[in-house]
Amino acid sequence: MVSSFSKRAIEIIKRVPFGKVATYGQIATYSGNSRGARQVVRLLNSSSEKENLPWYRIVNSKGNISLKHGNGYELQKSLLEKEKIEFGKNDKIDFNKYLWKPLG
DNA sequence: CAACTGACGATAG
DNA sequence: CCTATCGCCAGTT
């Protein structure tokens, strides 16, 4: 068995459906390591294009985009809005509506 | 092999 | 609420 955290994380990221978002911690947890959030970041940076990952569906635990303005932030936001995801007051995403749940 | 690096997260003040 | 700090892990330098 491979049991490689990275490979599993990639598979999981690919499973995040249209119109939903997931947190770094979520991906890490479902990949077998609840503390692997930072590895998820690495993967997004190193494999988002190769693996064709929906990197823009990954946000931080607060429901905000983690990128900096002028450095992808607006891009990610627009991509999410195209998936009908709404941003609240502080450009915050409502997890009750948009957080991805692997079961349903 | 040691140090550095991240789009994080939890905790403390 | 906000900043500061520490912990975590794997891939790079």
Side-chain angles (χ1 to χ4, degrees):
Chain A
M1 60 183 240
V2 188
S3 67
S4 159
F5 173 84
S6 298
K7 287 204 168 188
R8 287 208 242 169
I10 287 177
E11 291 307 306
I12 291 176
I13 293 171
K14 285 182 177 175
R15 286 177 186 147
V16 180
F18 179 99
K20 292 287 182 179
V21 296
T23 66
Y24 302 88
Q26 242 189 320
I27 302 299
T29 298
Y30 298 143
S31 299
N33 186 340
S34 58
R35 302 166 197 146
R38 318 203 67 156
Q39 281 65 264
V40 175
V41 170
R42 277 204 155 291
L43 291 172
L44 293 183
N45 272 296
S46 63
S47 314
S48 60
E49 285 191 36
K50 295 180 184 178
E51 306 292 339
N52 204 13
L53 303 178
W55 59 272
Y56 53 86
R57 292 188 188 137
I58 313 301
V59 297
N60 62 33
S61 62
K62 297 169 192 168
N64 284 123
I65 289 173
S66 296
L67 295 174
K68 297 173 186 174
H69 281 81
N71 189 35
Y73 189 100
E74 307 246 333
L75 170 61
Q76 181 169 12
K77 185 179 178 184
S78 68
L79 285 170
L80 290 175
E81 291 181 321
K82 285 181 181 176
E83 303 206 345
K84 313 302 181 190
I85 291 175
E86 301 175 310
F87 286 79
K89 193 84 178 185
N90 220 128
D91 264 3
K92 186 175 171 184
I93 295 172
D94 182 352
F95 279 166
N96 284 314
K97 294 181 181 175
Y98 306 109
L99 181 64
W100 172 55
K101 294 171 190 173
L103 299 183

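In the text below, chain A, chain B and the rest are named by the order of the sequence lines, each starting its count at 1.
Under a 3.5 Å cut-off, the side chain of A:S47 and the backbone N or O of A:K50 do not form any donor-acceptor pair.
Listed by residue number, A:N60, A:S61, A:S66, A:L67 are the residues of residues 59-89 of chain A with a heavy-atom contact under 4.0 Å to DNA chain B. Shown for residues 33-46 of chain A: residues whose heavy atoms fall under 4.0 angstrom of DNA chain B, namely A:A37, A:R38, A:Q39, A:V41, A:R42, A:L44, A:N45.
From the 5' end on, the contacts that DNA chain C makes with chain A at under 4.0 Å to a non-hydrogen atom open and close at C:dG7 to C:dG11. Where DNA chain B meets chain A (any atom under 4.0 Å from a heavy atom), the bounding nucleotides read 5' to 3' are B:dT5 to B:dG9.
Applying the side chain to side chain donor-acceptor pair (under 3.5 Å) test to residues at least two apart or on different chains, the pairs with a partner in residues 92-104 of chain A are A:E86-A:Y98. For residues 53-81 of chain A, the set of pairs meeting the salt bridge (charged side-chain N to carboxylate O under 4.0 Å, His left out) definition, not counting sequence neighbours, comprises A:R57-A:E83, A:K77-A:D91. Residue pairs satisfying the ring-ring contact (aromatic ring centres under 6.0 Å, His included) criterion with at least one member in residues 12-53 of chain A, sequence neighbours excluded, are absent.
Side-chain contact between A:L67 and A:Y56: absent, with no pair of heavy atoms (C-beta onward) separated by less than 4.5 Å. In this structure, A:L99 and A:I93 have side chains that are not in contact, with every pair of non-hydrogen atoms separated by 4.5 Å or more.
A:F5 and A:A28 make their closest contact through CE1-O, 3.5 Å (heavy atoms, listed as atom of the first residue, atom of the second, distance). The nearest pair of heavy atoms linking A:I65 to A:Q76 is CG2-OE1, 3.0 Å.
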Under 3.5 Å, sequence neighbours excluded: what are the donor-acceptor pairs made by side chains of residues 31-45 of chain A?
{"residue": "A:S31", "atom": "OG", "partner": "A:A9", "partner atom": "N", "Å": "3.4"}
{"residue": "A:S31", "atom": "OG", "partner": "A:I27", "partner atom": "O", "Å": "2.6"}
{"residue": "A:N33", "atom": "OD1", "partner": "A:R35", "partner atom": "N", "Å": "2.9"}
{"residue": "A:N33", "atom": "OD1", "partner": "A:G36", "partner atom": "N", "Å": "3.4"}
{"residue": "A:N45", "atom": "ND2", "partner": "A:V41", "partner atom": "O", "Å": "3.2"}

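Expressed to the nearest 0.5 Å, how far OG1 of A:T23 lies from CG of A:N64 amounts to 12.5 Å.
Under the ring-ring contact (aromatic ring centres under 6.0 Å, His included) criterion, A:Y73 pairs with A:H69, not counting sequence neighbours. Under the salt bridge (Lys or Arg N to Asp or Glu O under 4.0 Å) criterion, A:E51 pairs with A:K14, sequence neighbours left out.
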